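Structure first, commentary second.
What you are looking at is a predicted structure, and each value in this text was computed from that prediction instead of being measured.
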Amino acid sequence: MVHQQSSRPRLSPSGDTEDIVALLAPRLAHFAGVARTEHVTRAAHEMNVPQSTLSRALVRLEEDLGVDLFVRRGRTLALTVAGRTFLGSVERALAEVERAADEVRADADPATGKVAFGFLHTMGAETVPGLLHAFRADHPRVRFSLVQNYGEAMLERLRAGELDLCLTSPVPDAPDLVARRLDEQKLRLVVPADHALAGRRRIRLAEAADENFVTLEPGYGLRRITDALCKEAGFRPKVAFEGEEAETLRGLVAAGLGVALLPPPAVPRPGVVELTVTAPRAAREIGVAWLAGRTDTPPVAAFKNFLLSRRGSLLPS
């Protein structure tokens, strides 16, 4: 193919990769179509593109690359060695783009799409399975990508676009997030079964001021709530052990290593007694959060509305 000299600068081999991709990407499908048919007129007809547009795209592509991709043979075109090398990579790239487009369209499908949903570890044994079971009664083919983590980690994944929604506590208050309170979960003081307080049913938290506490690590929402409740009760907890999961803490209590403020277990744990805290009021709010300004796909919108409809009845009774 013979070209007129152009004043347009060619891309430097050392040019910025992002600039190269941004310049070349719109022309790759045109190049692949012509390479497939070996005929500009036929390719233009198949691709529903004006022949002049297609011809200009090929000329500019060759100018940008600085190599000839085709040679003319009468009314047809044939790939050069460089063109054939380029075509293999272009076809793989276009196939990957098509696969990615199919995937995101499938994830947004109202009937069969996907929801990336995060929740606290303490919601995983009973609350979330019950919610998903109820939601899928009306949306049986919606798929879920489930993530269990502590609150701050899930909020960071929301901000990174890795999650659509998350159940968390405390309910966040941040300008880049939208959050709605859904329910409240009472916390109990968990003590070993052979502890001096184990014969009680109720307790004021101040009565545990001299106890060793086992808590979640700093940064966890439940740890912040524990520290705040103890402060309100007039003391700073003596932390003996820190963990990452509530049921592990309950096991540490059963082993006699301390006491803990925890939400109710899904299944009663032997070796511990759970006391109602009468003062201060010991509870945590559970809410759903999502990224402000983000447009929901139909399945995400449906699940969000479902969660909001469970306000006040989110947790098992």
Side-chain angles (χ1 to χ4, degrees), residues 17-29 47-49 93-124 127-184 219 221 284-315:
T17 301
E18 291 184 0
D19 291 341
I20 295 172
V21 171
L23 189 61
L24 297 185
R27 302 172 190 155
L28 299 185
M47 301 174 72
N48 197 27
V49 175
L94 293 175
E96 182 62 18
V97 170
E98 184 176 0
R99 183 204 63 76
D102 288 342
E103 182 176 336
V104 297
R105 282 196 294 262
D107 287 349
D109 184 273
T112 61
K114 185 170 71 173
V115 179
F117 181 44
F119 52 92
L120 301 169
H121 289 285
T122 50
M123 303 278 102
T127 300
V128 168
L131 290 171
L132 298 182
H133 177 77
F135 176 74
R136 295 194 72 184
D138 293 323
H139 304 82
R141 294 193 293 160
V142 168
R143 296 168 290 126
F144 283 84
S145 173
L146 302 177
V147 173
Q148 289 178 270
N149 216 321
Y150 66 98
E152 286 300 322
M154 286 192 296
L155 298 184
E156 288 307 307
R157 296 187 73 165
L158 272 182
R159 293 182 171 104
E162 298 173 11
L163 291 176
D164 298 309
L165 303 165
C166 71
L167 282 182
T168 188
S169 179
V171 180
D173 180 14
D176 60 335
L177 300 175
V178 181
R180 296 289 182 268
R181 180 187 181 279
L182 295 179
D183 214 336
E184 182 180 86
R284 65 173 180 171
E285 291 185 338
I286 306 294
V288 59
W290 61 88
L291 194 63
R294 180 173 177 174
T295 301
D296 294 330
T297 63
V300 171
F303 188 58
K304 179 191 292 183
N305 290 335
F306 167 80
L307 290 176
L308 294 174
S309 74
R310 303 291 288 245
R311 187 180 287 112
S313 60
L314 180 79
L315 303 174

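Here the side chains of Leu158 and Met154 are not in contact, with every heavy-atom distance at 4.5 Å or above. Within the 4.5 Å cutoff, the side chain of Thr168 has no heavy atoms near those of the Glu152 side chain. At a threshold of 4.5 Å between non-hydrogen side-chain atoms, the residues Leu177 and Arg159 count as touching. Contact check for Leu314 versus Val288: no side-chain heavy atoms found under the 4.5 Å cut-off.
Taking CZ of Arg105 as the start and CG of Asp102 as the end, the distance is 5.0 Å to the nearest 0.5 Å. Of the inter-residue distances, the one linking Thr122 atom OG1 with Ile286 atom CD1 reads 6.0 Å to the nearest 0.5 angstrom. Atom CD of Glu162 sits about 12.0 Å away from atom CG of Leu291, to the nearest 0.5 Å. From Asn149, atom CG reaches atom NE2 of His121 across 5.0 Å, with rounding to the nearest 0.5 Å. How far CZ of Phe117 is from SG of Cys166: 8.0 Å, rounded to the nearest 0.5 Å. Rounded to the nearest 0.5 Å, atoms CG (Leu131) and CG (Leu182) are 9.0 Å apart.
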Item checked: CA sep, side-chain torsions, deciding dist, call: Arg294, Asp164, salt bridge (charged side-chain N to carboxylate O under 4.0 Å, His left out) -> CA-CA 9 Å; Arg294 180 173 177 174; Asp164 298 309; 2.8 Å; yes
Next item on the list: Could you check Val171 against Arg180 for side-chain contact (heavy atoms from CB on, under 4.5 Å), going step by step and ending with a plain yes or no?
Entry: CA-CA 7 Å; Val171 180; Arg180 296 289 182 268; over 6 Å; no
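Summarising the geometry of Ala134 relative to Phe306, their closest heavy-atom pair is CB-CZ, 3.8 Å, with the distance given to 0.1 Å. Closest heavy-atom contact between Leu28 and Leu94: O-CD1, 4.0 Å. Of all non-hydrogen atoms in Gly118 and Leu163, the two that sit nearest each other are N-CD2, 3.9 Å. Across Ser169 and Leu120, no two heavy atoms sit closer than the pair N-CD1, 3.7 Å. Minimum interatomic distance between Pro298 and Ala108 (heavy atoms only, all atoms of both residues): CD-O, 3.3 Å. Annotation for Gly113 and Pro299: closest pair CA-CG, 3.8 Å, computed over non-hydrogen atoms.
Every pair passing salt bridge (Lys or Arg N to Asp or Glu O under 4.0 Å) that includes a residue from residues 137-150 is listed here, sequence neighbours excluded: Asp107-Arg143. The stretch residues 143-171 participates, sequence neighbours left out, in these ring pair (Phe, Tyr, Trp, His ring centres under 6.0 Å) pairs: Phe135-Phe144, Phe144-Phe303, Tyr150-Tyr220.
Scanning for side-chain hydrogen bond (donor to acceptor under 3.5 Å, both in side chains) contacts around Glu103 gives Arg99, with sequence neighbours left out.
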